J.: 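Take this structure, written in C-alpha coordinates, and hold onto it; I'll ask about it next.
In what follows, every chain begins at residue 1, and chains take the letters A, B, ... in the order their sequences are listed. In what follows, every heavy atom counts, from backbone to side chain, and hydrogens, waters and symmetry copies are set aside. Quick caveat: nothing in here was measured; it's all calculated off a predicted structure.
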There are 2 protein chains.
Amino acid sequence: MVVNRIEQKCIQKGLRMTEQRKVIAQVLSSSHDHPDAEKLYRRSNAINNSISLATIYRTLKLFSNNGILEKHEFKDGKSRYETVYKDHHDHLIDIETGKVIEFQDEEIEKLQEKIANKLGYNIINHRLEIYAVKKNK
Amino acid sequence: MVVNRIEQKCIQKGLRMTEQRKVIAQVLSSSHDHPDAEKLYRRSNAINNSISLATIYRTLKLFSNNGILEKHEFKDGKSRYETVYKDHHDHLIDIETGKVIEFQDEEIEKLQEKIANKLGYNIINHRLEIYAVKKNK
DNA sequence: TTATATGCAAAACATTTGCACTTGA
DNA sequence: TCAAGTGCAAATGTTTTGCATATAA
(Lines give C-alpha, C1' and ligand atoms only; values in the text may rest on other atoms or scores of the structure.)
Protein backbone atom coordinates (compact mmCIF):
# COMPACT_ATOMS: atom_id res chain seq x y z
CA MET A 1 0.00 0.00 0.00
CA VAL A 2 1.25 3.43 -0.90
CA VAL A 3 1.91 5.59 2.11
CA ASN A 4 -0.81 8.23 2.22
CA ARG A 5 -0.64 11.84 3.17
CA ILE A 6 -1.79 11.43 6.73
CA GLU A 7 0.51 8.52 7.37
CA GLN A 8 3.35 10.70 6.10
CA LYS A 9 2.49 13.32 8.65
CA CYS A 10 2.37 10.74 11.42
CA ILE A 11 5.82 9.43 10.53
CA GLN A 12 7.09 12.96 10.40
CA LYS A 13 5.71 13.56 13.90
CA GLY A 14 7.30 10.34 15.15
CA LEU A 15 4.01 8.61 15.92
CA ARG A 16 4.14 4.86 16.14
CA MET A 17 2.46 3.43 13.07
CA THR A 18 0.27 0.58 14.11
CA GLU A 19 -1.86 -1.42 11.75
CA GLN A 20 -4.95 0.37 13.05
CA ARG A 21 -3.52 3.83 12.62
CA LYS A 22 -2.49 3.04 9.08
CA VAL A 23 -6.01 2.04 8.21
CA ILE A 24 -7.53 5.07 9.91
CA ALA A 25 -5.02 7.32 8.16
CA GLN A 26 -5.94 5.76 4.86
CA VAL A 27 -9.65 6.20 5.48
CA LEU A 28 -9.16 9.82 6.49
CA SER A 29 -7.00 10.51 3.46
CA SER A 30 -9.66 9.30 1.11
CA SER A 31 -12.57 10.90 2.97
CA HIS A 32 -13.43 14.18 1.41
CA ASP A 33 -16.46 14.83 3.55
CA HIS A 34 -16.55 15.67 7.27
CA PRO A 35 -17.20 12.28 8.87
CA ASP A 36 -18.01 11.60 12.52
CA ALA A 37 -16.41 8.91 14.67
CA GLU A 38 -19.08 6.35 13.94
CA LYS A 39 -18.73 6.80 10.20
CA LEU A 40 -14.95 6.55 10.41
CA TYR A 41 -15.36 3.44 12.51
CA ARG A 42 -17.56 1.83 9.89
CA ARG A 43 -15.23 2.77 7.04
CA SER A 44 -12.14 1.59 8.89
CA ASN A 45 -13.74 -1.53 10.20
CA ALA A 46 -14.73 -2.49 6.66
CA ILE A 47 -11.04 -2.54 5.77
CA ASN A 48 -9.80 -4.23 8.91
CA ASN A 49 -12.34 -5.55 11.32
CA SER A 50 -9.95 -5.65 14.25
CA ILE A 51 -10.40 -1.92 14.73
CA SER A 52 -12.51 -0.89 17.69
CA LEU A 53 -14.47 2.29 18.23
CA ALA A 54 -12.29 3.07 21.24
CA THR A 55 -9.24 3.08 19.01
CA ILE A 56 -11.00 5.36 16.56
CA TYR A 57 -11.61 7.87 19.35
CA ARG A 58 -8.10 7.54 20.72
CA THR A 59 -6.60 7.95 17.28
CA LEU A 60 -8.77 10.93 16.39
CA LYS A 61 -7.69 12.65 19.58
CA LEU A 62 -4.05 11.83 18.88
CA PHE A 63 -4.26 13.16 15.35
CA SER A 64 -6.05 16.31 16.49
CA ASN A 65 -3.49 16.97 19.17
CA ASN A 66 -0.78 16.63 16.56
CA GLY A 67 -2.38 19.05 14.18
CA ILE A 68 -3.13 16.36 11.64
CA LEU A 69 -6.88 16.62 12.02
CA GLU A 70 -9.34 19.28 12.96
CA LYS A 71 -12.29 18.44 15.14
CA HIS A 72 -15.54 20.29 14.53
CA GLU A 73 -18.62 20.30 16.68
CA PHE A 74 -21.46 21.44 14.51
CA LYS A 75 -24.95 21.61 15.92
CA ASP A 76 -25.79 18.01 15.18
CA GLY A 77 -24.62 16.40 18.39
CA LYS A 78 -21.57 14.53 17.21
CA SER A 79 -18.05 15.71 16.48
CA ARG A 80 -16.83 15.59 12.94
CA TYR A 81 -13.30 15.49 11.64
CA GLU A 82 -11.43 16.99 8.77
CA THR A 83 -7.87 16.61 7.59
CA VAL A 84 -5.82 19.77 7.71
CA TYR A 85 -3.80 20.24 4.62
CA LYS A 86 -5.80 23.13 3.41
CA ASP A 87 -5.67 26.77 4.30
CA HIS A 88 -7.87 27.97 7.08
CA HIS A 89 -11.52 28.11 6.19
CA ASP A 90 -14.95 28.31 7.79
CA HIS A 91 -18.04 26.23 7.19
CA LEU A 92 -21.51 26.60 5.79
CA ILE A 93 -23.73 23.72 6.83
CA ASP A 94 -26.78 22.81 4.76
CA ILE A 95 -29.27 22.13 7.53
CA GLU A 96 -31.44 20.04 5.25
CA THR A 97 -28.79 17.60 4.07
CA GLY A 98 -25.95 17.98 6.58
CA LYS A 99 -23.61 18.78 3.70
CA VAL A 100 -20.68 21.01 4.61
CA ILE A 101 -19.35 23.67 2.29
CA GLU A 102 -16.01 25.26 3.03
CA PHE A 103 -15.31 28.90 2.43
CA GLN A 104 -12.71 31.45 3.29
CA ASP A 105 -12.89 35.17 3.47
CA GLU A 106 -9.91 37.26 4.38
CA GLU A 107 -12.06 40.23 5.24
CA ILE A 108 -13.97 38.33 7.92
CA GLU A 109 -10.73 37.12 9.43
CA LYS A 110 -9.40 40.63 9.67
CA LEU A 111 -12.61 41.95 11.18
CA GLN A 112 -12.42 39.37 13.91
CA GLU A 113 -8.88 40.38 14.74
CA LYS A 114 -10.02 43.95 14.97
CA ILE A 115 -12.93 43.14 17.26
CA ALA A 116 -10.86 41.00 19.63
CA ASN A 117 -8.21 43.63 19.68
CA LYS A 118 -10.67 46.34 20.60
CA LEU A 119 -11.92 44.18 23.47
CA GLY A 120 -8.37 43.68 24.71
CA TYR A 121 -7.95 40.10 23.57
CA ASN A 122 -5.73 38.03 21.34
CA ILE A 123 -7.50 35.39 19.27
CA ILE A 124 -6.45 31.81 19.90
CA ASN A 125 -9.12 30.24 17.83
CA HIS A 126 -12.45 30.93 16.31
CA ARG A 127 -15.48 29.23 14.98
CA LEU A 128 -17.67 30.62 12.27
CA GLU A 129 -20.46 28.44 11.03
CA ILE A 130 -23.31 29.46 8.79
CA TYR A 131 -26.38 27.27 8.93
CA ALA A 132 -28.36 27.71 5.76
CA VAL A 133 -30.77 26.33 3.19
CA LYS A 134 -30.46 26.25 -0.58
CA LYS A 135 -32.08 29.11 -2.44
CA ASN A 136 -34.79 28.74 -5.09
CA LYS A 137 -36.42 25.54 -4.04
CA MET B 1 -43.85 38.60 43.10
CA VAL B 2 -43.60 41.03 40.21
CA VAL B 3 -44.01 39.34 36.87
CA ASN B 4 -40.63 39.33 35.20
CA ARG B 5 -39.69 39.83 31.62
CA ILE B 6 -39.47 36.19 30.69
CA GLU B 7 -42.73 35.33 32.38
CA GLN B 8 -44.32 38.11 30.38
CA LYS B 9 -43.10 36.50 27.18
CA CYS B 10 -44.43 33.13 28.28
CA ILE B 11 -47.87 34.55 28.95
CA GLN B 12 -47.77 36.31 25.63
CA LYS B 13 -46.97 32.98 23.94
CA GLY B 14 -49.79 31.29 25.83
CA LEU B 15 -47.54 28.93 27.77
CA ARG B 16 -49.02 27.45 30.90
CA MET B 17 -47.39 29.13 33.87
CA THR B 18 -46.58 26.54 36.43
CA GLU B 19 -44.87 27.26 39.70
CA GLN B 20 -41.67 25.74 38.34
CA ARG B 21 -41.68 27.77 35.17
CA LYS B 22 -42.22 30.96 37.13
CA VAL B 23 -39.18 30.24 39.24
CA ILE B 24 -37.05 29.31 36.25
CA ALA B 25 -38.22 32.45 34.43
CA GLN B 26 -37.28 34.52 37.44
CA VAL B 27 -33.86 32.93 37.69
CA LEU B 28 -33.22 33.47 34.00
CA SER B 29 -34.36 37.07 34.19
CA SER B 30 -31.89 37.84 36.90
CA SER B 31 -29.02 35.84 35.41
CA HIS B 32 -26.78 38.09 33.43
CA ASP B 33 -24.21 35.45 32.68
CA HIS B 34 -24.54 32.45 30.36
CA PRO B 35 -25.44 29.65 32.77
CA ASP B 36 -25.64 25.95 31.97
CA ALA B 37 -28.48 23.62 32.98
CA GLU B 38 -26.77 22.52 36.17
CA LYS B 39 -26.24 26.08 37.33
CA LEU B 40 -29.84 27.01 36.54
CA TYR B 41 -30.93 23.94 38.43
CA ARG B 42 -28.99 24.98 41.50
CA ARG B 43 -30.24 28.56 41.37
CA SER B 44 -33.85 27.51 40.82
CA ASN B 45 -33.73 24.77 43.36
CA ALA B 46 -32.48 27.22 45.96
CA ILE B 47 -35.71 29.18 45.50
CA ASN B 48 -38.04 26.23 45.29
CA ASN B 49 -36.62 22.81 46.01
CA SER B 50 -39.42 20.97 44.26
CA ILE B 51 -37.80 21.70 40.92
CA SER B 52 -36.08 18.78 39.25
CA LEU B 53 -33.29 18.79 36.73
CA ALA B 54 -35.60 17.11 34.23
CA THR B 55 -37.95 20.06 34.45
CA ILE B 56 -35.06 22.44 33.95
CA TYR B 57 -34.16 20.69 30.72
CA ARG B 58 -37.76 20.49 29.57
CA THR B 59 -38.33 24.14 30.33
CA LEU B 60 -35.13 25.27 28.65
CA LYS B 61 -36.12 23.41 25.52
CA LEU B 62 -39.62 24.90 25.66
CA PHE B 63 -38.27 28.41 26.08
CA SER B 64 -35.73 27.93 23.28
CA ASN B 65 -38.37 26.63 20.93
CA ASN B 66 -40.47 29.67 21.68
CA GLY B 67 -37.70 32.11 21.01
CA ILE B 68 -37.46 33.15 24.62
CA LEU B 69 -34.01 31.73 25.16
CA GLU B 70 -30.99 31.05 23.04
CA LYS B 71 -29.01 27.90 23.51
CA HIS B 72 -25.27 28.06 22.96
CA GLU B 73 -22.86 25.19 22.74
CA PHE B 74 -19.44 26.62 23.33
CA LYS B 75 -16.47 24.32 23.36
CA ASP B 76 -16.78 23.44 27.03
CA GLY B 77 -19.01 20.44 26.76
CA LYS B 78 -22.23 21.75 28.21
CA SER B 79 -24.94 23.89 26.67
CA ARG B 80 -25.42 27.36 28.03
CA TYR B 81 -28.45 29.59 27.85
CA GLU B 82 -29.08 33.24 27.37
CA THR B 83 -32.25 35.27 27.35
CA VAL B 84 -33.04 36.95 24.06
CA TYR B 85 -34.14 40.46 24.59
CA LYS B 86 -31.06 41.95 23.14
CA ASP B 87 -30.14 42.55 19.57
CA HIS B 88 -28.29 39.83 17.81
CA HIS B 89 -24.71 39.49 18.88
CA ASP B 90 -21.82 37.07 18.77
CA HIS B 91 -19.51 35.85 21.51
CA LEU B 92 -15.92 36.11 22.53
CA ILE B 93 -15.01 33.48 25.08
CA ASP B 94 -12.08 34.02 27.42
CA ILE B 95 -10.56 30.54 27.38
CA GLU B 96 -8.78 31.13 30.65
CA THR B 97 -11.78 32.17 32.72
CA GLY B 98 -14.78 30.99 30.72
CA LYS B 99 -16.11 34.55 30.72
CA VAL B 100 -18.28 35.44 27.76
CA ILE B 101 -18.16 38.85 26.13
CA GLU B 102 -20.88 39.82 23.70
CA PHE B 103 -20.19 41.88 20.63
CA GLN B 104 -21.92 42.85 17.48
CA ASP B 105 -20.57 43.96 14.19
CA GLU B 106 -22.80 44.88 11.32
CA GLU B 107 -20.03 44.48 8.82
CA ILE B 108 -19.47 40.83 9.74
CA GLU B 109 -23.16 40.13 9.45
CA LYS B 110 -23.28 41.60 5.98
CA LEU B 111 -20.22 39.69 4.86
CA GLN B 112 -21.83 36.45 5.91
CA GLU B 113 -24.94 37.24 3.92
CA LYS B 114 -22.78 37.93 0.94
CA ILE B 115 -20.87 34.67 1.27
CA ALA B 116 -23.97 32.52 1.69
CA ASN B 117 -25.56 34.27 -1.19
CA LYS B 118 -22.62 33.61 -3.44
CA LEU B 119 -22.79 29.93 -2.51
CA GLY B 120 -26.48 29.82 -3.35
CA TYR B 121 -27.79 29.68 0.18
CA ASN B 122 -30.04 31.64 2.51
CA ILE B 123 -28.80 31.94 6.07
CA ILE B 124 -31.04 30.48 8.74
CA ASN B 125 -28.66 30.89 11.55
CA HIS B 126 -25.03 31.36 12.28
CA ARG B 127 -22.50 30.93 14.98
CA LEU B 128 -19.46 33.09 15.41
CA GLU B 129 -17.35 32.48 18.45
CA ILE B 130 -13.94 33.90 19.12
CA TYR B 131 -11.84 32.02 21.64
CA ALA B 132 -9.22 34.33 23.03
CA VAL B 133 -6.92 35.35 25.87
CA LYS B 134 -6.44 38.73 27.49
CA LYS B 135 -3.62 40.85 26.13
CA ASN B 136 -0.68 42.17 28.17
CA LYS B 137 -0.48 39.63 30.88
C1' DT C 1 -62.35 18.43 34.23
C1' DT C 2 -58.58 17.10 31.60
C1' DA C 3 -54.72 18.13 28.71
C1' DT C 4 -50.35 19.29 30.19
C1' DA C 5 -46.57 19.41 33.38
C1' DT C 6 -43.84 17.20 36.88
C1' DG C 7 -40.60 14.11 39.77
C1' DC C 8 -38.20 10.18 39.77
C1' DA C 9 -35.37 6.80 38.08
C1' DA C 10 -33.95 4.57 34.16
C1' DA C 11 -32.34 5.13 29.45
C1' DA C 12 -29.95 7.25 25.80
C1' DC C 13 -26.02 8.91 23.48
C1' DA C 14 -21.34 10.27 22.42
C1' DT C 15 -17.09 9.77 24.41
C1' DT C 16 -13.58 8.12 27.82
C1' DT C 17 -11.13 4.88 30.66
C1' DG C 18 -9.24 0.68 33.51
C1' DC C 19 -7.24 -3.39 32.74
C1' DA C 20 -5.10 -7.40 30.84
C1' DC C 21 -3.18 -8.51 26.55
C1' DT C 22 -0.61 -7.38 22.16
C1' DT C 23 2.61 -5.11 19.24
C1' DG C 24 5.89 -1.82 16.94
C1' DA C 25 10.45 -0.23 16.90
C1' DT D 1 12.66 -5.94 25.11
C1' DC D 2 9.11 -3.06 26.83
C1' DA D 3 6.88 1.40 26.42
C1' DA D 4 3.07 2.31 23.97
C1' DG D 5 -1.24 0.78 21.73
C1' DT D 6 -5.35 -2.12 21.67
C1' DG D 7 -10.01 -4.52 22.52
C1' DC D 8 -13.41 -5.04 25.56
C1' DA D 9 -16.65 -3.73 28.72
C1' DA D 10 -17.69 -0.68 32.16
C1' DA D 11 -17.91 4.18 33.41
C1' DT D 12 -18.73 8.93 32.35
C1' DG D 13 -21.32 13.32 31.79
C1' DT D 14 -24.99 15.56 29.69
C1' DT D 15 -29.48 15.28 28.18
C1' DT D 16 -33.89 12.69 27.36
C1' DT D 17 -37.82 9.83 28.40
C1' DG D 18 -41.57 6.46 30.39
C1' DC D 19 -44.68 6.38 33.70
C1' DA D 20 -47.55 7.36 37.56
C1' DT D 21 -48.99 11.46 39.93
C1' DA D 22 -50.08 16.42 40.31
C1' DT D 23 -51.79 20.78 38.58
C1' DA D 24 -53.16 25.00 35.69
C1' DA D 25 -56.80 26.86 33.24
Side-chain angles (χ1 to χ4, degrees), chain A residues 1 3 6-7 10-27 34-66 68-81 98, chain B residues 1 3 6-8 10-27 34-42 44-66 68-81 98:
Chain A
M1 190 202 296
V3 172
I6 301 211
E7 196 173 335
C10 290
I11 293 165
Q12 178 186 320
K13 296 264 180 188
L15 301 181
R16 190 195 274 191
M17 286 320 288
T18 64
E19 202 40 48
Q20 288 86 338
R21 289 185 186 169
K22 281 183 197 164
V23 172
I24 297 169
Q26 182 197 332
V27 167
H34 294 65
D36 58 35
E38 187 64 34
K39 199 168 271 178
L40 288 169
Y41 172 58
R42 271 183 274 124
R43 291 178 189 170
S44 302
N45 202 266
I47 295 173
N48 179 333
N49 72 352
S50 83
I51 292 177
S52 71
L53 186 52
T55 292
I56 296 286
Y57 276 110
R58 281 190 274 234
T59 303
L60 290 176
K61 185 174 281 178
L62 178 77
F63 287 2
S64 293
N65 291 345
N66 281 277
I68 295 169
L69 282 186
E70 247 179 64
K71 177 182 178 182
H72 300 298
E73 298 169 275
F74 303 141
K75 300 193 175 194
D76 60 356
K78 42 192 72 176
S79 297
R80 298 163 70 169
Y81 299 82
Chain B
M1 190 202 296
V3 172
I6 300 210
E7 197 173 333
Q8 272 176 31
C10 290
I11 293 166
Q12 179 185 318
K13 296 265 179 187
L15 301 182
R16 191 193 274 189
M17 286 319 289
T18 64
E19 203 40 49
Q20 288 87 338
R21 289 185 186 170
K22 282 182 197 164
V23 172
I24 297 169
Q26 181 196 332
V27 167
H34 294 66
D36 57 37
E38 187 63 34
K39 200 168 270 179
L40 289 168
Y41 172 59
R42 271 184 272 123
S44 303
N45 203 266
I47 295 173
N48 180 331
N49 72 353
S50 84
I51 293 177
S52 71
L53 186 54
T55 292
I56 297 285
Y57 276 109
R58 282 191 273 234
T59 304
L60 290 176
K61 184 173 280 178
L62 178 77
F63 287 2
S64 293
N65 290 344
N66 280 277
I68 294 169
L69 282 186
E70 249 179 62
K71 177 180 178 184
H72 299 297
E73 298 169 275
F74 301 142
K75 300 192 176 194
D76 59 356
K78 43 190 70 176
S79 296
R80 298 163 72 171
Y81 298 83

J.: So, applying side-chain contact (heavy atoms from CB on, under 4.5 Å) with B:Val27, which one of B:Ile56, B:Ile6, B:Ile47, B:Ile51 is it?
T.: B:Ile47
J.: Among C:dA14, C:dA5, C:dT15, which nucleotide has an atom closest to any side-chain atom of B:Thr18?
T.: C:dA5
J.: Take the protein atom CD of B:Glu7 and the nucleotide atom C1' of D:dA24, then report the distance between them rounded to whole Å.
T.: 13 Å
J.: Measure from NZ on B:Lys22 to P on C:dT6 and round the result to the nearest Å.
T.: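 One finds 12 Å between P of C:dT6 and NZ of B:Lys22, rounded.
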J.: Judged by each residue's nearest nucleotide on DNA chain C, which is more toward the 5′ side, A:Arg58 or A:Ser79?
T.: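 Nearest-nucleotide comparison on DNA chain C picks A:Ser79.
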J.: Can you tell me how far C1' of C:dT16 sits from CG of A:Leu62, to the nearest Å?
T.: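 Rounded to the whole Å, the gap is 15 Å.
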J.: Which nucleotide in the set C:dT16, D:dT15, D:dT17 lies at the smallest distance from any side-chain heavy atom of A:Lys61?
T.: C:dT16
J.: With side chains defined as the heavy atoms from C-beta onward, is the minimum distance between B:Glu7 and B:Lys22 less than 4.5 Å?
T.: yes
J.: By nearest atom, which of the nucleotides D:dG5, D:dG18, D:dT15 is closest to the A:Arg21 side chain?
T.: D:dG5
J.: Is there a donor on the side chain of B:Arg16 or the base of C:dA3 sitting less than 3.5 Å from an acceptor on the other?
T.: yes
J.: In whole Å, what is the span from the CG atom of B:Leu53 to the P atom of D:dT17?
T.: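 Nearest whole value for this atom pair: 14 Å.
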J.: Using a 4.0 Å heavy-atom cut-off across all strands, classify A:Gln20 as base, sugar-phosphate, or nothing.
T.: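 Since only primed, P, OP1 and OP2 atoms lie under 4.0 Å of A:Gln20, the category is sugar-phosphate.
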J.: To the nearest Å, how far apart are B:Asn49 CG and C:dT6 P?
T.: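 It works out to 15 Å between those atoms.
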J.: Phosphate oxygens OP1/OP2 of D:dT16: is one of them under 4.0 Å from a side-chain N or O of B:Tyr57?
T.: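 Answer is no, no contact under 4.0 Å.
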J.: Side chain of B:Lys13, backbone of B:Asn66: donor and acceptor closer than 3.5 Å?
T.: yes
J.: Closest nucleotide of DNA chain D for A:Ile51 versus for B:Lys71: which of these residues is on the 5' side?
T.: A:Ile51
J.: Could you tell me the separation between the CG atom of B:Leu15 and the P atom of C:dT6, rounded to a whole number of Å?
T.: 11 Å
J.: Take the protein atom CZ of B:Arg80 and the nucleotide atom P of D:dT14, then report the distance between them rounded to whole Å.
T.: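 Taking atom P of D:dT14 as the reference, CZ of B:Arg80 is at 13 Å.
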J.: Can you measure B:Lys78 atom NZ to D:dT16 atom C1' for me and round it to whole angstrom units?
T.: 17 Å
J.: Rounded to the nearest 0.5 Å, how far apart are NZ of B:Lys78 and CG of B:Asp36?
T.: 5.0 Å
J.: Keeping the roles fixed (side chain from A:Arg80, backbone from A:Phe74), state whether a donor-acceptor pair exists under 3.5 Å.
T.: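 Here the side-chain-to-backbone pair does not exist.
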